[in-house]
Amino acid sequence: MLIPFTGPFDLITTLESGQAFRWRREEEWLTGVVFDNIIRTRRTAEGVEFECAPDDETAIAPLFRDYLRLDDDLEAICDRIRVDDRIGAALRRYPGLRVLRQEPWECLISFICSANNNVKRISVNVEDIADGFGRPLALRECRRSAFPSPAELAQVEEGELRELGLGFRAKYVAGAARIVAAGDLDLFALREADYDEALAALTTLPGVGDKVANCVLLMSLDKREAFPVDVWIDRALREWYPEHMVRVDGKPLTRAAMRPWAQAYFGEFAGYANQYLFQGRRLLGRRGDQS
DNA sequence: AGCCAGGCCCTCC
DNA sequence: GGAGGGCCTGGC
């Protein structure tokens with residue numbers, strides 16, 4: 001089925017930008033698991049082509065379109081965040097890169113798993129959680145698993161998660177699952193809450209600090225002003241905005257201070273700026289200079 | 001061998 | 001509020 005779309009959108013770059021961890025690529029095709037479906041998709045000149053299972057494509061199409069945020073006016077957003085030539089260079093380098101609108105629950109657990117971890121192993125962790133405790137899915141010869149619901153994951157012991165290789169994150173995942181499953185935190189309700197309230201709610205969860213919370217807020221809870229500061233953003237800002245990264249006493253800004261600075265500097269779509277800065281700096285490598 | 005990976009949490013100042 | 005250290009695991 002085709003989702004018609006002729007605007008700016010780079011499907012491969014977006015799905016491989018480290019926002020989501022379950023997409024796998026073969027040539028121009030990407031296969032992932034969203035909305036309890038295996039989805040196989042590619043970009044064409046006419047739009048986004050996809051097939052899915054087990055649900056009907058007509059049922060999944062609007063959800064998948066929403067997931068890809070095709071209704072966001074990307075050019076207008078980029079115009080808003082292009083406040084200098086430094087962010088401007090990153091915007092030019094990755095045309096069509098979008099921020100996803102993911103499922104909050106999986107997004108939350110994924111980024112709890114991201115703590116002091118690398119993208120490759122995060123992907124393995126998330127896949128192992130699904131294979132271990134989620135429903136099996138099939139699309140043609142492809143076999144994957146749905147991401148387990150809060151109720152399903154809440155029944156899993158920390159020890160079982162450690163056996164999967166989650167390490168110290170196992171305790172956080174198990175703890176967060178129990179809280180969400182118990183109804184003590186309604187993730188979807190946070191889409192209606194304002195940024196500060198949603199941030200405060202998320203950071204009550206174990207394993208969720210400012211960085212993880214901002215990832216979940218940006219990538220699944222509609223808070224486009226969210227600005228997660230990780231090691232890559234830390235490097236990007238210090239290298240590209242050095243004059244703004246020193247306090248009046250001469251000491252460097254802490255990460256806690258970098259976020260509000262960036263939100264004020266880039267404005268209401270700071271999260272989009274974050275994604276372009278992240279992409280730009282991450283692809284330079286650990287010690288790479290800008291070139 | 002040692003450091004690093006999309007941090008969080010706890011302790012101490 | 002801010003600095004420092006520990007933490008599972010795997011790769012280079």
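Keep in mind that this is a model prediction, so the values were computed, not measured. Within every chain, numbering begins at 1; the chains are lettered A, B, ... in the order of the sequence lines, protein sequences first and strands thereafter.
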Whole-Å distance separating the CZ atom of A/Arg247 from the C1' atom of C/dA3
11 Å
Heavy atoms under 4.0 Å, any strand shown: does A/Ser17 hit a base, just sugar-phosphate, or nothing?
base
Salt-bridge test for A/Glu127 and A/Arg22: reply yes if a basic N is under 4.0 Å from a carboxylate O, no otherwise.
yes
Return the value, rounded to whole Å, for the distance between atom CG of A/Asp230 and atom C1' of B/dC8.
14 Å
Tell me whether the side-chain N or O atoms of A/Asn116 pair up with the base of B/dA5 as donor and acceptor below 3.5 Å, since no angle test is needed here.
yes
Using a 4.0 Å heavy-atom cut-off, does A/Val229 contact any base of the nucleic acid, only the sugar-phosphate backbone, or nothing at all?
nothing
Regarding A/Asp71 and A/Arg65, does a basic nitrogen lie under 4.0 Å from an acidic carboxylate oxygen?
yes
Taking only Lys NZ, Arg NE, NH1 and NH2, and the carboxylate oxygens of Asp or Glu, determine whether A/Arg98 and A/Asp72 approach each other closer than 4.0 Å.
no
Report yes if a donor N or O on one partner sits less than 3.5 Å from an acceptor N or O on the other, where the partners are the side chain of A/Arg162 and the base of C/dC8; otherwise report no.
no
Between A/Leu205 and A/Phe21, which has a closest nucleotide on DNA chain B that is more 5'?
A/Phe21
Ranking C/dT9, C/dA3, B/dG7 by distance to the side chain of A/Arg121, first place goes to C/dT9
Using heavy atoms and a sub-4.0 Å distance, could you list which residues of residues 266-279 of chain A are near DNA chain C? By number, please.
none
Between B/dT11 and C/dC8, how far apart are the P atoms? Round to whole Å, please.
15 Å
Within the 4.5 Å heavy-atom criterion, are A/Arg191 and A/Leu221 side-chain neighbours or not?
yes
When rounded to whole Å, the CG to C1' distance for the pair A/Leu202 and B/dG7 reads 15 Å
Students often mix this up, so state it plainly: with edges at 30° and 60°, are the rings of A/Phe21 and A/Phe111 parallel, tilted or perpendicular?
perpendicular
Please confirm whether A/Arg40 makes a cation-pi placement over A/Trp29, using NZ or CZ under 6.0 Å from the six-membered ring centre and within 45° of the ring normal.
yes
Residues A/Thr31, A/Ile38; criterion side chain to side chain contact (heavy atoms under 4.5 Å, CB included); working and verdict
CA-CA 7 Å; A/Thr31 305; A/Ile38 299 180; 3.7 Å; yes
Of the nucleotides B/dA5, C/dT9, B/dG7, which has the atom closest to the A/Asn118 side chain?
B/dA5
Are there more than 12 heavy atoms of other residues, nucleotides or ligands under 6.0 Å from atom CZ of A/Arg247?
yes
Could you label the plane-to-plane angle of the A/His244 and A/Tyr241 rings as parallel, tilted or perpendicular, counting under 30° as parallel and over 60° as perpendicular?
tilted
Separation of A/Leu166 atom CG from C/dT9 atom C1', in whole Å?
10 Å
A correct dot-bracket answer for DNA chain C, with pairs being Watson-Crick or G-U at under 3.5 Å, [ ] for crossing pairs and | for inter-strand pairs, is |||||||.||||
Between A/Asn117 and A/Thr203, the residue closer to the 5' end of DNA chain B by nearest nucleotide is A/Asn117
Residue A/Arg169, side-chain heavy atoms: nucleotide from C/dC8, B/dC4, C/dG2 that is nearest:
C/dC8
Atom CG of A/Asp210 and atom C1' of C/dG1 are separated, to the nearest Å, by 14 Å
Rounded to the nearest angstrom, tell me the gap between atom CE in A/Met258 and atom P in C/dG1.
19 Å
Rounding to an integer number of angstrom, what distance separates C/dG4 and B/dC3 when you compare their P atoms?
16 Å
Roughly how many Å is it from CZ in A/Phe168 to C1' in C/dG10, rounded to a whole number?
13 Å
Round to the nearest Å and state the distance from A/Ile122 atom CD1 to B/dG7 atom C1'.
10 Å
Does the distance from a Lys or Arg side-chain N to an Asp or Glu carboxylate O, for A/Arg101 and A/Asp222, drop under 4.0 Å?
yes
Mind checking A/Val119 for me? I need base, sugar-phosphate or nothing, with any heavy atom below 4.0 Å counting as a touch.
base
